[in-house]
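All residue numbers refer to positions in the sequence shown, counting from 1. Everything numeric here is computed off the predicted structure, so don't read it as measured data.
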Amino acid sequence: RCQAAIAELTERLRAAQPDIVLVFGTDKGELFPMDAMPALAVYWGDAIRNIPRYALSPPDPSFAAAAWAYGEAGDIPVHAPLARHVIENLTQREFDVMQCRSLTEGQGIGHAFGFVVKRIMSLAPVPIVPIMINTRFPPNALTASRCFGLGKAITHALMTWGGEERVAVVASGGLSHFVVAEEWDWALLKGAQAKDATALTSLPEARFH
């Protein structure tokens, strides 16, 4: 059922024929080190490198079995003008956003983005706008309420974008895993289906980390 749903997402994105795909995802110590983790970051270079952990030299054996999830090694095109517009809009709306436009040797974007490019975009060369959110590592992980406000701010940025490109938004992430909390998952899903801002922003923060 999960694989069928991913296939459906792929077909829906293909049918929408976007010119740009804005991707929300978290970084799990892949691009940013754990001791310098921004709460929010937007990359606005012309391309961003993807270095799947199974492709490292020497390879990381713990990720070898999950090679399918991390995409292909290489550069992913980025739509720099829209990314910069997003950064400027977020700053105007009082979000403290880290901006970055180049990587040092050995740095690469996280698997939350490589997965979307490989599985949902089917490696199509559509430029992305990567928005990285710290949702896991305290003490500066964004709260649910702040993430909800971020979504509204990004909506404003897209509505004020002067280009004629078709922009799709992919919110990469997941529900409970490792230890499944079905009641918690259903609360999130029902809140999203009902567009219930109160339900989505009042969930206990301790359950997110």
Side-chain angles (χ1 to χ4, degrees), residues 18-51 71 75-117 120-121 126-174 188 192 195 197 200-203 205 208-209:
D19 301 303
I20 308 167
V21 180
L22 189 149
V23 185
F24 288 93
T26 188
D27 185 83
K28 296 184 177 179
E30 296 149 316
L31 178 58
F32 300 110
M34 298 297 187
D35 57 353
M37 179 68 69
L40 173 64
V42 179
Y43 185 90
W44 66 293
D46 292 325
I48 191 163
R49 190 180 308 116
N50 186 36
I51 307 178
D75 288 344
I76 301 170
V78 173
H79 198 283
L82 178 55
R84 176 168 179 161
H85 176 74
V86 167
I87 293 168
E88 292 172 343
N89 262 256
L90 290 178
T91 302
Q92 291 167 3
R93 296 175 77 84
E94 299 185 351
F95 278 87
D96 297 321
V97 54
M98 175 182 179
Q99 58 88 15
C100 44
R101 61 183 311 188
S102 63
L103 303 179
T104 59
E105 189 65 30
Q107 277 187 308
I109 200 165
H111 71 280
F113 301 87
F115 181 94
V116 169
V117 171
I120 309 300
M121 297 173 64
V126 177
I128 69 171
V129 173
I131 300 180
M132 290 151 278
I133 305 171
N134 179 15
T135 59
R136 181 178 180 184
F137 303 106
N140 68 332
L142 265 65
T143 63
S145 177
R146 193 62 169 157
C147 286
F148 190 88
L150 174 63
K152 294 176 67 175
I154 293 291
T155 299
H156 179 269
L158 294 179
M159 295 297 290
T160 57
W161 168 241
E164 297 182 356
E165 295 89 348
R166 292 171 60 83
V167 182
V169 177
V170 176
S172 147
L188 284 170
K195 304 184 187 302
L200 293 173
T201 58
S202 61
L203 295 166
E205 290 299 323
F208 284 102
H209 309 303

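Residues Leu158 and Leu82 form a side-chain contact, since some pair of their non-hydrogen atoms from C-beta on lies under 4.5 Å apart. Between Asn50 and Val117 there is no side-chain heavy-atom pair separated by less than 4.5 Å. Within the 4.5 Å cutoff, the side chain of Leu150 has heavy atoms near those of the Phe24 side chain. No side-chain heavy atom of Ile76 sits less than 4.5 Å from a side-chain heavy atom of Phe113. At a threshold of 4.5 Å between non-hydrogen side-chain atoms, the residues Met121 and Val170 do not count as touching. Proximity of His85 to Thr160: side-chain heavy atoms (C-beta onward) are separated by under 4.5 Å at one or more points. Between Leu40 and Leu90, the closest side-chain pair of non-hydrogen atoms falls below 4.5 Å. Met98 places none of its side-chain heavy atoms less than 4.5 Å from the side chain of Met132.
When every heavy atom of Tyr43 is checked against every heavy atom of Ala83, the shortest pair comes out as O-CB, 3.5 Å. Nearest heavy-atom pair across Val78 and Pro130 is CG1-CD, 4.0 Å. Between Thr26 and Ile133, the shortest heavy-atom contact is OG1-O, 3.0 Å. Shown here for Ala80 and Gly45, the closest heavy-atom pair between the two residues is CB-O, 3.8 Å. Across Met37 and Asp27, no two heavy atoms sit closer than the pair CE-O, 3.6 Å. Nearest heavy atoms, Gly25 versus Ala112: CA-CB, 4.1 Å.
Considering CG of Asp46 and OG of Ser102, their distance stands at 11.0 Å, rounded to 0.5 Å. Atoms CZ and NZ, from Arg136 and Lys28 in turn, are 5.0 Å apart once rounded to the nearest 0.5 Å. The structure places CG of Asp19 at 10.0 Å from CD of Glu164, a figure rounded to the nearest 0.5 Å. With values rounded to the nearest 0.5 angstrom, Leu200 atom CG is found 7.0 Å from Leu188 atom CG.
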Notebook entry, point to check: Can you list the steps and then say if Gln99 with Val42 is a side chain to side chain contact (heavy atoms under 4.5 Å, CB included)?
Noted result: CA-CA 5 Å; Gln99 58 88 15; Val42 179; 5.9 Å; no
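No option in Ile20, Leu22, Val21 other than Val21 meets the side-chain contact (heavy atoms from CB on, under 4.5 Å) test with Pro18. With respect to Ile154, the side-chain contact (heavy atoms from CB on, under 4.5 Å) criterion is satisfied by exactly one of Val169, Ile131, Asn89: Ile131.
Pairs of residues two or more places apart, or lying in two chains, that qualify as salt bridge (Lys or Arg N to Asp or Glu O under 4.0 Å) and include a residue from residues 78-100 are Arg84-Glu88.
Checked by atom type and distance alone, the side chain of Glu30 never pairs as donor or acceptor with a backbone atom of Ile109 at under 3.5 Å.
Other residues, nucleotides and ligands contribute more than 12 heavy atoms inside 6.0 Å of the CE atom of Met34.
In this structure, the side-chain hydrogen bond (donor to acceptor under 3.5 Å, both in side chains) partners of Glu165, at least two apart in sequence or on a different chain, are Trp161.
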